[in-house]
Participant: 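Following this message is one structure expressed as structure tokens.
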Amino acid sequence: MRSAVDVEHLTERLRAVGYLADRGLATALASAVALERPLLLEGEAGVGKTDAARALSRVYEAELIRLQCYEGLDLYAAAYDWNYARQLLAIRAAEASSAAVPDLYGDEFLIRRPLLAALGATRKHGAVLLIDEIDRADDEFEAYLLEFLADHAMTIPERGRIAAHYPPITILTSNRTRDLHDALKRRCFYHWIDHPSIGREIEILRLHLPQLSGDLAAQVAAAVAMLRSRELRKPPGIAEALDWAETLIALGRPRLDREAVADSLGAVVKYPEDMEIARAITDKLVS
Amino acid sequence: MHQMEQHDAATLATLLDRALAYYNVDAGTTRALAFAELLAQALPKTGPELYWCARIAMLPSIGDLTRFHAAFLDFWGALPQGDILAALVPNVPRDDVIRNLQRASPRMRAPAPDERRAGDAEARDAALFVAMASPEERLVDRDFAEMDERELALARRAVARLASIAETRRSRLRRTAVRGDRLDLRATLRNAARTAGELLRRRNSERRERLRPLVFLCDVSGSMVPYARPLLQYARYSALQRSRVRAFAFATRLTEIGPTLMRAGPTRAMGALGRELRDYGGGTRIGAALHAFNARYAQRGAARGGTVVILSDGWEREDPELVAREMARLQKLCRRIVWVNPQKKHPAFEPLARGMAAALPYVDALVAGHNLRSLEAIAGAVEAGGRGAVSGHRAKGSRPMETFERKPRR
């Protein structure tokens, strides 16, 4: 019997679209897809949580529907809203022409926000729903998501229940600024994305920047790993490592030496306090 | 691992759930069912495959990882395939995990036999407290350090009543209101349906009130032991009453204690804390604890726009410079810092403890917190600067009498 959760296959396909997933992440993604269960991804900023969803949408050639959470996000911005202006005009128009008032809750007045849009996939794996930085939304919104995530359905009072024919692949990300409610977490698979190992980071750098030499990639990866091991305010993520490598290429530096570090440190370290720490260990960074 | 029947998978998942519970990881039935389903679908053949399936489905949070590993090893090690499976926890030397764990959380003991009767006892205590307290208010001004076990238990009821901090600010979420500041088209139109589509009454919306985050940092080092219990209980009841509360304990290291603190039953919660806090009664490293809190939580916004209540006597064993530095940083990451210091009970209190002296310039209010009456002042001190103030600005309001004015800010 062939396993329904084919981790190797997904890893290959992710690699083909430029995303290197380690075994844990690939298992998590494959399980979430196969079991139609949402996946909660946590990890430091810049380890590729959002990119995982993006890559998955490319693998399945699915539409990526992104819901960026923020404080004050409510149902009407996340799920659906009615086009009130059009409703009003329709009433007035009907009055003027003494025609029957149209159904004010028909499709033409419904504004589909990300959650509702994600229910409208027309084929299997047709949509990837990315609920980004869920920890920024209010707790009330989390409660609303419970039903949505469990049933892949929502209820619009004027219309009744709308269920997905093909459930979207759902990825939630969180930066852990607050604890999510356990009721929400229970409904999801969970994976913590760590900073990549040096070897993997080199692979990632070279995959994204083909013009990067192997030596420089190795130097950058090692230096970034060194920075991460110090207690920085903001340890550099993969995004910063890529920025740094790109900056070095743009500056025409073939290798990471003291001067190159001094010129390009701003690409990878973003706080003055961290700069001080990084400058103090420049020798170690370039060795 | 051979092919796995659904039934076996469910049994296995339930057993793993129990093993996790044994190690204080609260996975629960929903996750166990998900794991069973995943096992049946994924059919893990190798150790790592199995490990990742279990971890994805059963690990509630990254903070539980060490205990998860220990439970996992413990559990699978007992199975016939144990040898193969023992090697699969990545990068964690097995012996270390287990040794750490045995130190961290000794095997959970069977629940106390008289758990059932605890409720009755509580009711009695409450009555007793009212009887004792109302005529002479003996406990109200009594120092926690001088109370015996029975009095402490009685005081707990009062602590529960005192712990209500509800500092709010206006949220961006709106709700329909008669006197709002903005037209609510949705409500207006819906209302118009009653009057045959005629827009007769305008509906407005207003911004809702939102609780500000509240963070407790409880010092549980040796010098704080006489006060730690009532203050932890204060944090517990605050956390139980409202949302957006997080609690941490520190002596030599910082531990998030919120979930444990909020367990059902005050006695159980305190018992679980005692097992969890390895450094309880140890030396104090305030600076290091503040640093850990800033780097791991505050930097990400755990206290943004809210209040941090530090419960400590300010005896720093190490570097007061570090305390000052981290307090300065914390001040920028939250709205208000309230320091509760039991030593302030002495009328001639001077912030002489090195950590306290270093921290004082960054403290918005200093309250005593050595008896029930002074606990009352905490809520006042937290809310003093708050209500109605524009978000992000510290209001210069009057502070309650019990508080200690901090030096003016540059």
Side-chain angles (χ1 to χ4, degrees), chain A residues 1-7 23-28 30-32 34-35 37 39 42-43 45 70-74 76 81-82 84-85 87-88 91-92 94-95 101 104 135-136 138-141 175-183 185-192 194 231-234 273, chain B residues 3 26-31 34-35 37-38 40-45 48-49 51-53 55-63 65 90 171-174 185-186 188-190 192-193 196-199 207-208 210 213 243-244 246 256 258-259 291-292 294-297 299-302 304 329:
Chain A
M1 186 173 154
R2 198 167 152 270
S3 155
V5 182
D6 196 338
V7 179
R23 164 164 232 136
L25 178 58
T27 310
S31 307
L35 271 69
R37 212 166 225 276
L39 171 65
E42 288 188 336
Y70 53 88
E71 195 207 313
L73 175 70
D74 62 7
Y76 306 104
D81 204 351
W82 297 106
Y84 303 105
Q87 284 178 329
L88 266 176
I91 295 172
R92 292 283 174 255
E95 266 177 7
V101 175
L104 285 179
D135 49 334
R136 284 177 190 260
D138 305 83
D139 332 356
E140 294 92 333
F141 181 68
N175 284 328
R176 285 167 66 85
T177 57
R178 65 184 175 83
D179 258 353
L180 300 178
H181 202 284
D182 195 54
K185 297 212 293 195
R186 271 203 305 270
R187 284 163 172 80
C188 303
F189 285 134
Y190 173 78
H191 183 66
W192 171 271
D194 253 328
E231 291 230 343
L232 296 190
R233 259 192 189 204
K234 165 74 181 74
E273 295 89 334
Chain B
Q3 289 203 353
D26 191 8
T29 317
T30 318
R31 286 195 181 90
F35 178 43
E37 207 185 321
L38 185 58
Q41 295 241 1
L43 305 170
K45 282 174 225 57
E49 282 173 20
Y51 164 78
W52 281 109
C53 286
R55 177 166 156 182
I56 287 159
M58 298 290 274
L59 176 69
S61 188
I62 192 70
L65 191 61
S171 155
R172 285 167 200 270
L173 279 179
R174 300 192 144 260
L185 252 180
R186 183 180 306 128
T188 308
L189 214 74
R190 181 177 289 272
E198 216 50 65
L199 297 173
R207 290 171 71 169
R208 283 197 233 172
R210 178 161 166 75
S243 60
R244 311 203 76 200
R246 296 184 81 166
E256 173 151 26
H291 175 78
N294 284 340
R296 275 190 261 154
Y297 302 96
Q299 182 73 34
R300 296 201 187 121
R304 195 161 292 151
R329 187 166 158 207

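Note on naming: letters A, B, ... go to the chains in the order of the sequence lines (proteins, then strands), and numbering restarts at 1 for each one.
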Participant: Check each atom of A:Arg233 against the heavy atoms of chain B and say whether the ones under 4.5 Å are side chain, backbone, both or neither.
Facilitator: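 Both parts, heavy atoms under 4.5 Å.
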Participant: Can you tell if the side chain of B:Glu37 reaches within under 4.5 Å of the side chain of A:Leu35, non-hydrogen atoms only?
Facilitator: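 They are in side-chain contact.
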Participant: Relative to chain B, which segment of A:Leu73 carries a heavy atom at a distance below 4.5 Å: side chain, backbone, both, or neither?
Facilitator: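 The answer is the backbone of A:Leu73.
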Participant: Between B:Arg174, B:Arg304, B:Met58, B:Arg210, which has the largest tally of heavy atom pairs under 4.5 Å with chain A?
Facilitator: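 Going by pairs under 4.5 Å, I would pick B:Arg210.
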Participant: Using heavy-atom distances under 4.5 Å, tell me whether A:Asp135 contacts chain B through its side chain, its backbone, both, or neither.
Facilitator: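 When you check distances to chain B, no heavy atom of A:Asp135 falls under 4.5 Å.
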Participant: Any chance you could measure B:Arg186, atom CZ, to A:Trp82, atom CH2, to the nearest 0.5 Å?
Facilitator: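 If I round to the nearest 0.5 Å, the distance is 11.5 Å.
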Participant: Calculate, to the nearest 0.5 Å, the distance between atoms CD and CG belonging to B:Gln299 and A:Leu232 respectively.
Facilitator: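 Taking CD in B:Gln299 and CG in A:Leu232, the distance rounds to 11.0 Å.
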Participant: Rounded at 0.5 Å granularity, tell me how far CZ in B:Arg329 sits from CD in A:Glu273.
Facilitator: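 Nearest 0.5 Å value for the CZ-CD distance: 7.0 Å.
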Participant: Provide the closest heavy-atom pair for A:Gly24 versus B:Ile56 in the form atom of the first, atom of the second, distance.
Facilitator: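 Reported closest heavy-atom pair: O-CD1, 3.9 Å.
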Participant: Rounded to the nearest 0.5 Å, how far apart are CZ of B:Arg244 and CG of A:Asp139?
Facilitator: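 B:Arg244 CZ to A:Asp139 CG: 6.5 Å, rounded to 0.5 Å.
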Participant: Does the side chain of A:Val7 come within less than 4.5 Å of B:Trp52's, by heavy atoms?
Facilitator: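 A side-chain contact is absent here, since even the closest heavy-atom pair is not under 4.5 Å.
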Participant: Would you mind checking if A:Glu140 and B:Arg208 are paired as a salt bridge, meaning a charged N to carboxylate O distance below 4.0 Å?
Facilitator: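 A:Glu140 and B:Arg208: salt-bridged.
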Participant: Just jot down the side-chain hydrogen bond (donor to acceptor under 3.5 Å, both in side chains) partners of B:Ser61, sequence neighbours excluded, or say none.
Facilitator: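 So B:Ser61 forms a side-chain hydrogen bond (donor to acceptor under 3.5 Å, both in side chains) with A:Arg176.
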Participant: When heavy-atom pairs shorter than 4.5 Å are enumerated against chain A, which of B:Pro60, B:Gly258, B:Cys53 gives the highest number?
Facilitator: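 Ranked by heavy-atom pairs under 4.5 Å with chain A, first place is B:Pro60.
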Participant: Can you check whether B:Ile62's main-chain N or O pairs, donor with acceptor, with A:Tyr190's side chain at less than 3.5 Å?
Facilitator: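 Yes, because the side chain of A:Tyr190 sits within donor-acceptor range (under 3.5 Å) of the backbone of B:Ile62.
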Participant: Roughly how far, to the nearest 0.5 Å, is CG of B:Asp26 from CZ of A:Arg186?
Facilitator: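 Spacing of CZ (A:Arg186) from CG (B:Asp26) equals 8.5 Å.
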Participant: Just give me the residue among A:Asp138, A:Asp74, A:Ile91 that pairs up with chain B most often, heavy atom to heavy atom, under 4.5 Å.
Facilitator: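 Maximum pair count with chain B is reached by A:Asp138.
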Participant: Considering only heavy atoms from C-beta outward, does the side chain of A:Gln87 approach that of B:Leu185 to under 4.5 Å?
Facilitator: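 No. Closest side-chain heavy atoms not under 4.5 Å.
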Participant: Kindly compute the distance separating CD (A:Glu231) from CG (B:Asn294), expressed to the nearest 0.5 Å.
Facilitator: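 The CD atom of A:Glu231 sits 11.0 Å away from the CG atom of B:Asn294.
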Participant: List for me each residue that meets side-chain hydrogen bond (donor to acceptor under 3.5 Å, both in side chains) alongside A:Arg136, sequence neighbours excluded, and say none if there are none.
Facilitator: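 If we apply the side-chain hydrogen bond (donor to acceptor under 3.5 Å, both in side chains) test to A:Arg136, skipping adjacent residues, the hits are A:Glu133.
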Participant: With a 4.5 angstrom heavy-atom cut-off, could you sort out which part of A:Trp192 is near chain B: side chain, backbone, both or neither?
Facilitator: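 For A:Trp192, heavy atoms of backbone and side chain both lie under 4.5 Å from chain B.
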Participant: Against chain A, work out which of B:Gly301, B:Ala302, B:Gly28, B:Ala34 has the most heavy-atom pairs shorter than 4.5 Å and name it.
Facilitator: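 Looking at each option in turn, the highest pair count goes to B:Ala34.
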Participant: Just so I understand: if I count every heavy-atom pair under 4.5 Å between each of B:Glu256, B:His291, B:Arg207 and chain A, which residue has the most?
Facilitator: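 Top option by heavy-atom pairs under 4.5 Å: B:His291.
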